Amino acid sequence: MMTPKNLYNNEMIGAIAIYSVLFHLQTISVAKSMLIFPFISHQGTLDFLKNNNTTLRSLEEFIIKKPDFFSNYNDRFFSLLTLSVNSLILLKEIELIKIENSEISINLEKKLDINKESFGLRAFNISMAGKKLSKILKDNDKNLYLQLKVKL
């Protein structure tokens, strides 16, 4: 059954989120890519990350500044895991990314230009948040999962 939540958080939105972070990092692990959509799907986190007046140097600093944003991160992670995997598959199928040895890299031969006119305001806001989120995700995978308290 399709609900407004299904339409709001879908594979294309997930693909835009992953691509927006990957655009700044150029390469990330598959494990790290699964952490992206749970950040972006939380409206408070998205608003904070897209804001030009906010500065963040690390995930630890973000958690200290906004602990309430992370109280249900583990639940968001697991509820969006299938959507995140499907978003990766979509990006690979439309040849915007390459996946080799559990590493995702951007396909430099193709570029996705995310703007308000073509993709809408939400997608544009997600792309704006991608730069700050990419800085947060520079840490190693194990440390990120540990700090976010994702229970595997």
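Quick caveat, the model's predicted, so the values are computed rather than measured. Just the heavy atoms: all of them, side chains too, but no hydrogens, waters or symmetry mates, feed the values below. Index from 1, following the sequence.
Looking at every heavy atom in both residues, A123 comes nearest to I114 through O-CG2, 3.6 Å. L80 and P38 get closest at one heavy-atom pair: CD1-CA, 3.9 Å. Taking every heavy atom of both residues into account, S20 and H24 meet most closely at O-CD2, 3.0 Å. In terms of heavy atoms, S84 sits closest to I18 at O-CD1, 3.9 Å. In terms of heavy-atom proximity, L46 sits nearest to A129 at CD1-CB, 3.7 Å. Of all non-hydrogen atoms in L25 and I28, the two that sit nearest each other are CD1-CG2, 3.3 Å.
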List the steps, then state whether ring pair (Phe, Tyr, Trp, His ring centres under 6.0 Å) holds for F77 with F37. CA-CA 8 Å; F77 176 85; F37 204 29; over 10 Å; no
Is there a side-chain contact (heavy atoms from CB on, under 4.5 Å) between D139 and L137? Walk through the geometry before answering. CA-CA 5 Å; D139 204 349; L137 295 176; over 6 Å; no
Yes or no on side-chain contact (heavy atoms from CB on, under 4.5 Å) for I94 and K110, after CA distance, side-chain angles and deciding distance? CA-CA 9 Å; I94 59 176; K110 289 193 172 188; 5.9 Å; no
So E95 and N107, side chain to side chain donor-acceptor pair (under 3.5 Å) or not? Walk me through it. CA-CA 7 Å; E95 299 178 349; N107 182 355; 5.3 Å; no
Taking it one step at a time, do I106 and K111 satisfy side-chain contact (heavy atoms from CB on, under 4.5 Å)? CA-CA 9 Å; I106 205 157; K111 185 176 186 255; over 6 Å; no
Check the pair N125, I40 against side-chain contact (heavy atoms from CB on, under 4.5 Å), reporting the backbone distance first and the verdict last. CA-CA 9 Å; N125 287 340; I40 298 301; over 6 Å; no
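Rounded to the nearest 0.5 Å, atoms CG (L22) and CG (L91) are 8.0 Å apart. In this structure, the separation between NZ on K116 and CE on M128 is 8.5 Å, given to the nearest 0.5 Å. Residue S105 holds its OG atom at 11.5 Å from CG of L96, rounded to the nearest 0.5 Å. For the atom pair NZ (K132) and CZ (R57), the distance works out to 13.0 Å, reported to the nearest 0.5 Å.
A donor-acceptor pair is defined here as one N or O able to donate and one able to accept, closer than 3.5 Å; such a pair exists between the side chain of N51 and the backbone of N53. For the pair S102 (side chain) and S29 (backbone), a donor-acceptor distance under 3.5 Å is absent. Judged purely by atom type and a 3.5 angstrom limit, Y19 has no side-chain atom pairing as donor or acceptor with the backbone of I97. The closest donor-acceptor contact from the side chain of T54 to the backbone of F48 lies under 3.5 Å. Counting only distance, with no hydrogens or angles, the side chain of E93 and the backbone of I89 share no donor-acceptor pair below 3.5 Å.
Under a cut-off of 6.0 angstrom, the local environment of CZ in F69 is crowded, with over 12 non-hydrogen atoms contributed by other residues, nucleotides or ligands. No more than 12 heavy-atom neighbours from other residues, nucleotides or ligands sit within 6.0 angstrom of CD on E60. In this structure, K65 places its NZ atom where more than 12 heavy-atom neighbours from other residues, nucleotides or ligands lie under 6.0 Å away.
Ring centroid separation for the pair F39 and Y73 comes in under the 6.0 Å cut-off.
Between F62 and F70, the ring-plane angle classifies as perpendicular under the 30° and 60° cut-offs.
F124 places none of its side-chain heavy atoms less than 4.5 Å from the side chain of F119. Within the 4.5 Å cutoff, side-chain heavy atoms of V30 are placed close to those of L88. Using a 4.5 Å heavy-atom threshold, the side chains of L90 and M12 count as touching. The side-chain heavy atoms of K32 and T27, taken from C-beta on, include no pair separated by under 4.5 Å. Residues E11 and L83 meet the side-chain proximity criterion, which asks for heavy atoms closer than 4.5 Å. When side chains are defined from C-beta on, I13 counts as touching I126, because their heavy atoms get closer than 4.5 Å. Looking at heavy atoms from C-beta onward, R76 lies in side-chain contact with S41 at the 4.5 angstrom threshold. You'll find the side chain of N74 stays beyond 4.5 Å of the side chain of K149, heavy atoms only.
Under a hydrophobic clustering in which Ile, Leu, Val, Met, Phe, Trp and Tyr are joined whenever their side-chain heavy atoms come within less than 4.5 Å, directly or via other members, L152 and L146 fall into different clusters. Clustering ILVMFWY residues whenever any of their side-chain heavy atoms sit less than 4.5 angstrom apart, transitively, puts L108 in the very cluster that holds I99. Linking Ile, Leu, Val, Met, Phe, Trp and Tyr residues whenever their side-chain heavy atoms come within less than 4.5 Å leaves I64 and L56 in two separate clusters.
Under the side chain to side chain contact (heavy atoms under 4.5 Å, CB included) test applied with I136, the options L35, L59, V21 reduce to a single match, L59.
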